[in-house]
Amino acid sequence: MLDIKYVRAHYEEVKEKLSKRGEDLADFERFGELDTRRRELITQVEELKAERNESSQKIAEMKRNKENADEAIKKTRELGDRIKELDAELNTVEEDLNYIMMRVPNIPHESVPVGESEDDNVEIRKWGELPEFGFEAKPHWEVGTDLGILDFERAAKTTGSRFVFYKGAGAKLERALAAFMLDLHTEEHGYEEMLTPYMVNRASLTGTGQLPKFEEDAFLIEEEDYFLIPTAEVPVTNFHRDEILNGAELPHAYAAYSACFRSEAGSAGRDTRGLIRMHQFNKVELVHFAKPEDSYETLEKLTGHAEKVLQLLGLPYRVLKMCTADLGFTAAKKYDIEVWIPTQGTYREISSCSNFEDFQARRANIRFRREQGAKPEFVHTLNGSGLAIGRTVAAILENYQQEDGSVIIPEALRPYMGGKEKIEAK
RNA sequence: GGAGGAGUACCCAAGUCUGGCUGAAGGGGUCGGUCUUGAAAACCGAGAGGCGGGUAACACCGCGCGGGGGUUCGAAUCCCUCCUCCUCCGCCA
């Protein structure tokens, strides 16, 4: 959520910046009117309440002196009726204003390139040598299925489309990747490991920005009104919801492995085969709580931490700076890391690293105090995948496949695979 | 799932039956001071944090006793509802 006071003071500037995202701002036009009306009503209603408080005190005093207070009670009751009316109107206005503010996206940072679509994202660096095959490379789902380590058909039977079974060395590979990434981030990059609930309530999803606008993207447990998490970002960020953190202890950096659940509503027909787009996948997520003045430096570090995983695995990738049209709802600035998928002849997103500034912190009410007695300030939150594990498996199967159908295990992963160097068909 | 109990400020805790000078006693911790070579202890003193309105900034006002709603001139206190925690029983990985 944006700062109402800031929007009030810089309305035209904010509108201009938001328009660069290609966002429909029709509702936002009502901001000024609602904001003004809200403050008028507050002033009125609070004056009346002050009057009522005073009047009630007098009644109490009269009662104590055994005087007759009927007249005063009658007058005060009328005051109360008036307050009730104005309060009701105030509620409506606040609901309307809130409706708008909860649906306005974050303001892009000045360093974000202006663009109209994903085609305007800017490639800022590339790493690694693209593999060359002396044979016809197979897509990862064929590699995995032929090796007997992935089974999409049986997942379709037990559950439905966009699910998968990992078997044998495949299951172990997935587990090895999770352990490898967690160890790297906790031991080398200074993260604290976290294991979170896989279901969260509405308040949490609202805090991180998935609600109210994107409810259709999530899976809902209706009886409880809980949602399956689309990413560990949600529970980890909300871990500190409604808290005032000690500034001396910032930054906090957490690494959380979790399953992630996404309905993929609206992506029917896209990536229908393979591991790229599943309803359930595993991911190691990195989350930072930073002081405002440090958050952009943190974003660079965070992106570097995710890149390190790919470097150690020897997977070629590139980093894109997302343009204003492709920032998503909550980010002020975002880098996507894309890994090379040879059979598609292109790079595919495997990590997304964002600085939300105080956008989530304001929604989730996460603040910090620089020192004892200082005013609380909103923290900046950041997160990035480090990495999406299913897509990492896809990249390994494709990039490391051999002509005989086997797959070389990247060296960094071998300690986690019992020293094995290769996955072969049984 | 069944039966009870409880949520008060940074922490502990009184007040709730019997609504009104209680925005909340008391203690701990915290901060400042006295004492001390320094520290501890003791003693003295200070302080509700937060949100909203308002202000150039103060002042000032409103809201805050788990959340929401209601009754009343007036609610920590009465009523409804939801949430969380604890104890016992049952079930269970």
Side-chain angles (χ1 to χ4, degrees), chain A residues 1-10 31-102 195-207 211-212 221-227 235 238-250 259 358 360-379:
Chain A
M1 193 161 90
L2 301 180
D3 179 3
I4 286 197
K5 285 178 181 166
Y6 185 86
V7 173
R8 182 186 302 149
H10 307 86
F31 173 85
E33 166 213 340
L34 288 169
D35 176 57
T36 305
R37 185 64 187 143
R38 169 172 173 269
R39 283 183 296 151
E40 279 170 9
L41 284 166
I42 285 173
T43 307
Q44 279 179 42
V45 100
E46 288 189 353
E47 264 172 30
L48 293 177
K49 281 181 179 172
E51 216 176 303
R52 181 181 65 185
N53 289 346
E54 200 183 329
S55 186
S56 282
Q57 285 308 307
K58 280 193 190 134
I59 290 169
E61 213 176 306
M62 288 162 87
K63 293 256 183 185
R64 247 178 273 121
N65 298 334
K66 308 275 189 229
E67 293 170 34
N68 185 310
D70 290 354
E71 187 62 24
I73 287 175
K74 189 171 164 248
K75 272 179 64 183
T76 312
R77 184 186 301 140
E78 283 162 11
L79 258 183
D81 291 343
R82 182 80 187 118
I83 289 170
K84 215 173 242 179
E85 283 170 31
L86 289 175
D87 256 340
E89 192 185 342
L90 178 59
N91 265 333
T92 309
V93 170
E94 290 197 322
E95 269 170 31
D96 289 354
L97 188 60
N98 198 41
Y99 182 94
I100 293 170
M101 293 309 287
M102 289 306 275
L195 191 61
T196 76
Y198 285 4
M199 298 182 200
V200 293
N201 55 31
R202 265 173 202 280
S204 291
L205 273 172
T206 305
L211 291 183
I221 312 292
E222 283 188 27
E223 309 82 77
E224 303 286 346
D225 206 32
Y226 291 161
F227 291 86
N238 282 280
F239 182 78
H240 287 304
R241 173 148 51 86
D242 291 321
E243 291 184 15
I244 298 177
L245 306 174
N246 180 350
E249 288 170 15
L250 291 179
D358 63 5
Q360 291 183 325
R362 204 177 289 283
R363 290 174 157 249
N365 191 29
I366 307 167
R367 294 170 292 169
F368 76 102
R369 232 188 275 279
R370 286 182 189 275
E371 54 209 36
Q372 202 182 12
K375 272 256 166 217
E377 300 170 50
F378 288 108
V379 299

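Please read these numbers as outputs of a predicted model, since none were measured by experiment.
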Which pairs with one or both residues in residues 67-84 of chain A pass side-chain hydrogen bond (donor to acceptor under 3.5 Å, both in side chains), sequence neighbours excluded?
A/Ser55-A/Thr76, A/Arg82-A/Glu85
Check: A/Phe31 and A/Met101 side chains under 4.5 Å, non-hydrogen atoms:
yes
Each nucleotide of nucleotides 65-86 of chain B classed B (base within 4.0 Å of a protein heavy atom), S (only sugar-phosphate) or -, in 5' to 3' order, makes ------S-BS------------
What is the distance from CG of A/Leu48 to C1' of B/rC61, rounded to the nearest Å?
12 Å
Would you kindly give the CZ-to-P distance between A/Arg369 and B/rG49, to the nearest whole Å?
9 Å
Using whole Å, what does the distance between atom C1' of nucleotide B/rC51 and atom CZ of A/Arg38 come to?
10 Å
Could you give the distance separating B/rC78 and B/rA6 at their P atoms, to the nearest angstrom?
12 Å
Expressed as a whole number of Å, how far does the C1' atom of B/rG66 sit from that of B/rU16?
16 Å
G-U wobble or Watson-Crick pairing nucleotide for B/rG20 (cut-off 3.5 Å, both distances)
B/rC73
Atom-pair distance (NZ on A/Lys5; C1' on B/rC51), nearest Å
10 Å
Would you kindly compare A/Ile4 and A/Asn53 by the position of their nearest RNA chain B nucleotide and give the one closer to the 5′ end?
A/Ile4
Is it true that A/Asp87 and A/Lys49 have a side-chain N and a carboxylate O under 4.0 angstrom from each other?
yes
Reference residue A/His240; test side-chain contact (heavy atoms from CB on, under 4.5 Å); the match among A/Val379, A/Ile366, A/Asn365
A/Ile366
Mind calculating the distance between CD1 (A/Ile83) and C1' (B/rC63) to the nearest angstrom?
13 Å
Rounded to the nearest 0.5 Å, what's the gap from CD1 on A/Ile100 to CD1 on A/Ile4? Could you check?
10.0 Å
Who pairs with B/rA93 - Watson-Crick or G-U, where each distance is under 3.5 Å:
none
Using whole Å, what does the distance between atom P of nucleotide B/rG52 and atom CZ of A/Arg37 come to?
21 Å
Determine whether a donor-acceptor pair (one donor, one acceptor, N or O, separation below 3.5 Å) exists between the side chain of A/Glu47 and the base of B/rG62.
no
Across all strands shown, which nucleotide pairs with B/rC10 by Watson-Crick or G-U wobble geometry, both distances under 3.5 Å?
B/rG28
Near A/Glu40 CD, under 6.0 Å, is it more than 12 heavy atoms from other residues, nucleotides or ligands?
yes
Distance between P atoms of B/rC60 and B/rU71 (Å, rounded)
33 Å
For B/rG62, give its Watson-Crick or G-U wobble partner with both distances under 3.5 Å, or none.
B/rC51
Let's see if you can work this out: which of B/rC61, B/rC51, B/rG53 has an atom nearest to the side-chain heavy atoms of A/Ile42?
B/rG53
Hey, does the side chain of A/Arg202 reach the backbone of A/Pro212 with a donor-acceptor pair shorter than 3.5 angstrom?
no
Distance check, P atoms only: B/rA39 and B/rU34, in whole angstrom units.
11 Å
When you compare B/rA56 with B/rG7, how far apart are their C1' atoms, in angstrom units rounded to a whole number?
43 Å
Identified pairing partner of B/rU36, criterion: Watson-Crick or G-U wobble below 3.5 Å:
none
Between B/rG53 atom C1' and A/Asp87 atom CG, what is the distance in whole Å?
14 Å
Please give the distance between the C1' atoms of B/rG62 and B/rU55 as a whole number of Å.
16 Å
Nearest of B/rG20, B/rG62, B/rC51 to any side-chain atom of A/Arg64?
B/rG20
Going by a 90° cut-off around 0, is B/rG32 syn or anti?
anti
Going by the side-chain contact (heavy atoms from CB on, under 4.5 Å) test, name the single residue among A/Asp3, A/Thr36, A/Asp35 that passes it with A/Arg8.
A/Asp35
Look only at the side chain of A/Arg363 and the backbone of A/Thr206, and say whether a donor-acceptor pair between them is shorter than 3.5 Å.
yes
Please state whether the phosphate of B/rC51, meaning OP1 or OP2, lies under 4.0 angstrom from any side-chain nitrogen or oxygen of A/Arg367.
yes
Rounded C1' spacing from B/rG74 to B/rC86 in Å
35 Å
Under 3.5 Å for both donor-acceptor distances, Watson-Crick or wobble: does B/rU87 have a partner, and if so which one?
B/rA3
I need the CD-P distance between A/Glu46 and B/rU55, as an integer number of Å.
13 Å
Between B/rU36 and B/rA25 - P atom distance, rounded Å
35 Å
